[in-house]
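In this text the structure is predicted, and so the values were computed from the model without any measurement.
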Amino acid sequence: MTSNPDSHPIPSAGSDPSSRIQDLLVFGEFGDVNPSITDSSTFTFLSPDTMGEVFTHEIEGCFLYSRHWNPTNKVLSQALSALEGSQSAQVTASGMAAISSTILQLCHAGDEVVSNRTIYGGTYAFFKNFLPRLGITVRFVDMLDPAEVVGAMTDRTRAVYCESMSNPLLEIVDIPKLAEIAHARGAKLVVDNTFSPLILSPLRLGADVVVHSMTKFINGTSDCVAGCICADDAFIHELTDIGSGACMLLGPVLDSFRSASIHKNLHSLHVRMQKHSENALYLARRIEDLGLKVYYPGLPSHPQYELLTRLANPGFGLGGMLAIDVGDLATANRLMERMQEAKIGYLAVSLGYFKTLFSSPSSSTSSEIPHEEQDRMGLKGGLVRMSVGLDHDIARTFERLRTCLEELRISAAV
Ligand code: PLP
């Protein structure tokens, strides 16, 4: 038998997520300052009896096979537990794997999910097009209106699903209120916290499960696709159960080399989030001063500004994402081409990278959502979503953006 998966307990560092991560010291095999990377799909047993006992659940806590658990993924999972303040966590090969495994673990045929309408297009497509094939129904509502959520709940509702900061409209949902509504009907509140790691701690606010696309801010270098699920011990145990766990049986395992590199990047997340937020706030204020319509939850003009400042953890700002409405898709496309030529950043989907990324959600990351539904959620064709990078001189970035807007005669008129 090899080492115990729980051999690196998380030190308690109070409620500050960044301090909890700071307190994690994991030694490598030779006292290395970075934990050793497990380069093995399988693990030895000294006795066949012990191996059999792992399969029959008579013993637990040893490494068996890397699709189940491996030490490198365990180390990253423990750091993610520290990030979200959860008892436990599981890493996955993508954000979509985290979302699909969670929902498929919670719901059986005949069950229902109540979801916010404003969510990432891929999640929307999974809910709308894929889950019905398995007999699972998703009801989409506007979660800014708690009465709509209450009205959609039934005895078959197993999960209430939302993004803490929604993609792409950057709406902020009232997590404590949604938790109350979900729990009153025995459902779990599942929150995708991809846009606001460290800034919001959904579990502390009452959620039951947090999922992330680690592809974004958590990793921060746009060099891999990965995800995670943070929850209590019982749920992570269910997900990894050899006989019935979605993570074990659907096989969305993260490679340990990627796990190790994400773990190193996670330790700079607090510095990056502060800078992303500082830069996004600067741009949002200046763009608003030009009279353009800006979506940024850190501006007092944002409808959920008060809510966000009440729910957010201090010290990380109010997010690195913003969106501008420039009127129509053709104008948005011309602007983005010009912004790339002006070296403001890349015309690319995704977010959380150290460089600025921009795209037009209605024709890209939200294109899975039918146009009538986009209209209902207020998603306009002229929206340009920006993931603001870690630019040292953000004033210069703004001047370049202003020049692009002026050249294209984009003004307050829209
Ligand atoms: N959740 C949100 C909010 C996203 O924006 C995305 C991808 O853009 C995902 C989940 C899916 O993550 P991944 O691409 O890592 O599967």
Enter the distance from [X]:[atom1] to [Y]:[atom2] here, rounded to the nearest 0.5 Å.
| X | Y | atom1 | atom2 | result |
| --- | --- | --- | --- | --- |
| Ile324 | Leu283 | CD1 | CG | 8.0 Å |
| Ile103 | Phe130 | CD1 | CZ | 13.5 Å |
| Ile410 | Cys404 | CD1 | SG | 8.5 Å |
| Thr92 | Leu250 | OG1 | CG | 11.5 Å |
| Leu200 | Leu308 | CG | CG | 5.5 Å |
| Met143 | Ser115 | CE | OG | 5.5 Å |

- Between Ser196 and Ser164, does a side-chain hydrogen bond (donor to acceptor under 3.5 Å, both in side chains) hold up when you go through it step by step? CA-CA 7 Å; Ser196 44; Ser164 45; 2.9 Å; yes
Quick one: closest heavy-atom pair of [X] and [Y], and the distance?
| X | Y | answer |
| --- | --- | --- |
| Glu29 | Ser36 | N-OG, 2.5 Å |
| Leu318 | Ile199 | C-CD1, 4.1 Å |
| Ala79 | His263 | CB-CD2, 3.8 Å |
| Ser101 | Ala246 | O-CB, 3.6 Å |
| Ile181 | Met153 | O-CE, 4.0 Å |
| Cys224 | Asn219 | SG-ND2, 3.6 Å |

- Message: For Arg204 and Glu84: C-alpha separation, side-chain torsions, deciding distance, then whether side chain to side chain contact (heavy atoms under 4.5 Å, CB included) applies.
- Response: CA-CA 8 Å; Arg204 183 174 60 76; Glu84 288 296 352; over 6 Å; no
- Sequence neighbours excluded, which residues qualify as side chain to side chain donor-acceptor pair (under 3.5 Å) partners of Arg400? none
- With sequence neighbours excluded, residues passing side chain to side chain donor-acceptor pair (under 3.5 Å) with Ser268: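 Once residues adjacent in sequence are excluded, the partners of Ser268 under the side chain to side chain donor-acceptor pair (under 3.5 Å) criterion are Arg272.
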- Query: Would a line drawn from the ring center of His276 to the ring center of Phe217 be shorter than 6.0 Å?
  - Reply: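 Under 6.0 Å, so yes.
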- Message: Run the side-chain hydrogen bond (donor to acceptor under 3.5 Å, both in side chains) test on Ser301 and Glu288 for me, step by step, so that the C-alpha distance in whole Å, both residues' side-chain angles and the decisive distance to 0.1 Å come before the verdict.
- Response: CA-CA 9 Å; Ser301 57; Glu288 190 172 58; 2.6 Å; yes
- Task: Flag yes if more than 12 heavy atoms outside His371 fall under 6.0 Å of its NE2 atom; otherwise flag no.
- Result: no
- Item | Other residues, nucleotides, ligands: >12 heavy atoms within 6.0 Å of His237 NE2 |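 Open: at most 12 neighbouring heavy atoms sit under 6.0 Å from NE2 of His237.
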Compute whether any side-chain donor of one residue and acceptor of the other, for [X] and [Y], lie under 3.5 angstrom apart.
| X | Y | value |
| --- | --- | --- |
| Thr38 | Ser40 | no |
| Ser47 | Thr50 | yes |
| Thr221 | Asn265 | yes |

- Task: Considering only NZ, NE, NH1 and NH2 on the basic side and carboxylate oxygens on the acidic side, decide whether Arg158 and Glu112 come within less than 4.0 Å.
- Result: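 So Arg158 does not pair with Glu112 through a salt bridge.
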- Query: When you check the gap from the basic side-chain N to the acidic O, do Asp111 and Arg156 get nearer than 4.0 Å?
  - Reply: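 Counted as a salt bridge, because a side-chain N and a carboxylate O are separated by less than 4.0 Å.
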- Item | Audit row: Met386, Met321, side chain to side chain contact (heavy atoms under 4.5 Å, CB included) steps and yes/no | CA-CA 6 Å; Met386 290 175 72; Met321 301 296 297; over 6 Å; no
- Task: Fit a plane to each ring of Phe140 and Phe127, take the angle between them on a 0 to 90° scale, and name the class: parallel (under 30°), tilted (30 to 60°) or perpendicular (over 60°).
- Result: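 Tilted.
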- Please report the C-alpha distance between Ile229 and Ile236 in whole Å, then the side-chain angles of each, then the deciding distance to 0.1 Å, and finally whether the side chain to side chain contact (heavy atoms under 4.5 Å, CB included) criterion is met. CA-CA 8 Å; Ile229 305 164; Ile236 299 300; 4.2 Å; yes
Extract all donor-acceptor atom pairs below 3.5 Å that involve side chains of residues 340-349 and protein atoms in other chains or at least two apart in sequence.
unit_1	atom_1	unit_2	atom_2	d
Gln340	OE1	Leu347	N	2.8
Glu341	OE1	Arg338	NH1	3.1

- Just do the salt bridge (Lys or Arg N to Asp or Glu O under 4.0 Å) check on Glu337 and Arg334 with the steps written out, would you? CA-CA 5 Å; Glu337 272 175 27; Arg334 280 204 306 279; over 6 Å; no
